[in-house]
Q: 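Just passing along the structure, written as structure tokens.
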Amino acid sequence: CDPSGIRTLGIITKPDLIDKGAEHDALDLANNQSAQLELGWHTVKLRSQEDSNRSKSRSDAEEDEAEFFSSIPWNVLAKTDVGVPKLRERLQDLLLQRVQAELPL
């Protein structure tokens with residue numbers, strides 16, 4: 001439980017399913033404006049059910065995701081705050097920071 005939002009990293013999924021014209025709400029959230037978290041927000045576009053059924057590879061899915069986040073209006077988000085590969089890096093860094101802070105040297 002993290003009522004003050006100090007340790008929480010927000011994750012926004014399926015931005016491709018947001019109705020056209022409603023993206024501004026998701027972008028406000030992703031930019032830590034409408035709901036602030038100390039660690040901010042990260043946005044990912046995961047494989048669709050159709051992609052899973054066709055056994056789309058992880059690398060192909062990551063290429064599709066990168067293309068999606070380079071398109072308007074999603075291209076305004078920081079490159080460090082979008083995509084599964086960057087989320088992986090971010091979570092690894094956060095875990096390392098927590099371990100270093102909590103365990104004695």
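This one's a predicted model, so the numbers in the text were calculated from it and none came from an experiment.
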Q: Count the heavy atoms of every other residue, nucleotide or ligand shown that sit under 6.0 Å from CZ of R88, and state whether that count exceeds 12.
A: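 Enclosed.
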
Q: Using the rule that Ile, Leu, Val, Met, Phe, Trp and Tyr join whenever any side-chain heavy atoms are under 4.5 Å apart, tell me whether L94 and V84 fall into a single cluster.
A: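 Same hydrophobic cluster.
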
Q: Is the closest basic N to carboxylate O distance between E63 and K56 below 4.0 Å?
A: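 No, this pair does not count.
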
Q: Atom CD of E62 and atom CG of L46: how far apart are they, to the nearest 0.5 Å?
A: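 The distance works out to 10.5 Å.
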
Q: So which heavy atom on L37 is nearest to which on G10, and how close?
A: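 Shortest heavy-atom contact: CD1-N, 3.4 Å.
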
Q: Would T43 and L77 count as a side-chain contact (heavy atoms from CB on, under 4.5 Å) here? Give the steps.
A: CA-CA 9 Å; T43 308; L77 297 175; 4.1 Å; yes

Q: When you measure from the side chain of R7 to the backbone of C1, do you find a donor-acceptor pair of N or O atoms at a distance under 3.5 Å?
A: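 Flag set: sc R7 to bb C1 pair under 3.5 Å.
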
Q: According to ring-ring contact (aromatic ring centres under 6.0 Å, His included), does anything in residues 31-84 pair up with another residue at least two apart or in another chain? List the pairs.
A: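 Sorted pair list: F68-W74.
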
Q: With rounding to the nearest 0.5 angstrom, report the CD to CG distance, E67 to N75.
A: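 If we round to the nearest 0.5 Å, E67:CD and N75:CG are 12.5 Å apart.
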
Q: Using 0.5 Å steps for rounding, measure from the CG atom of N53 to the CZ atom of R47.
A: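 One finds 10.0 Å between CG of N53 and CZ of R47.
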
Q: What heavy-atom pair brings A35 and L29 nearest, and what distance separates the two atoms?
A: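 For A35 versus L29, the nearest heavy atoms are CB-CD1, 3.6 Å.
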
Q: Between atom CZ of R98 and atom CG of L103, what is the distance when rounded to the nearest 0.5 Å?
A: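 One gets 11.0 Å once the value is rounded to the nearest 0.5 Å.
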
Q: Measure the shortest side-chain to side-chain distance between P85 and E65 over non-hydrogen atoms and say whether it is less than 4.5 angstrom.
A: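 Counting from C-beta outward, P85 and E65 do come under 4.5 Å.
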
Q: With rounding to the nearest 0.5 Å, note down the distance linking CG in L91 to CG in L9.
A: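 One gets 6.0 Å once the value is rounded to the nearest 0.5 Å.
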
Q: Would you check if there is a donor-acceptor pair between the side chains of D2 and T8 at a distance under 3.5 Å?
A: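 There is such a pair (donor and acceptor under 3.5 Å, judged by atom type) between the side chains of T8 and D2.
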
Q: Within the side chain of D81, is there an N or O that forms a donor-acceptor pair under 3.5 Å with the backbone of A30?
A: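 Here the side-chain-to-backbone pair does not exist.
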
Q: Could you measure the distance from the CG atom of D64 to the CG atom of D16? Nearest 0.5 Å is fine.
A: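 Reported to 0.5 Å precision, the distance equals 10.0 Å.
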
Q: With a 4.0 Å cut-off on N to O distance, would you call D93 and R90 a salt bridge?
A: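 No, this pair does not count.
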
Q: If hydrophobic clusters are built by linking Ile, Leu, Val, Met, Phe, Trp and Tyr wherever their side-chain heavy atoms come under 4.5 Å apart, do L39 and V82 end up in the same one?
A: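 L39 and V82: separate clusters.
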
Q: When you compare the side chain of L27 with that of P73, does any pair of heavy atoms fall below 4.5 Å?
A: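 They are in side-chain contact.
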
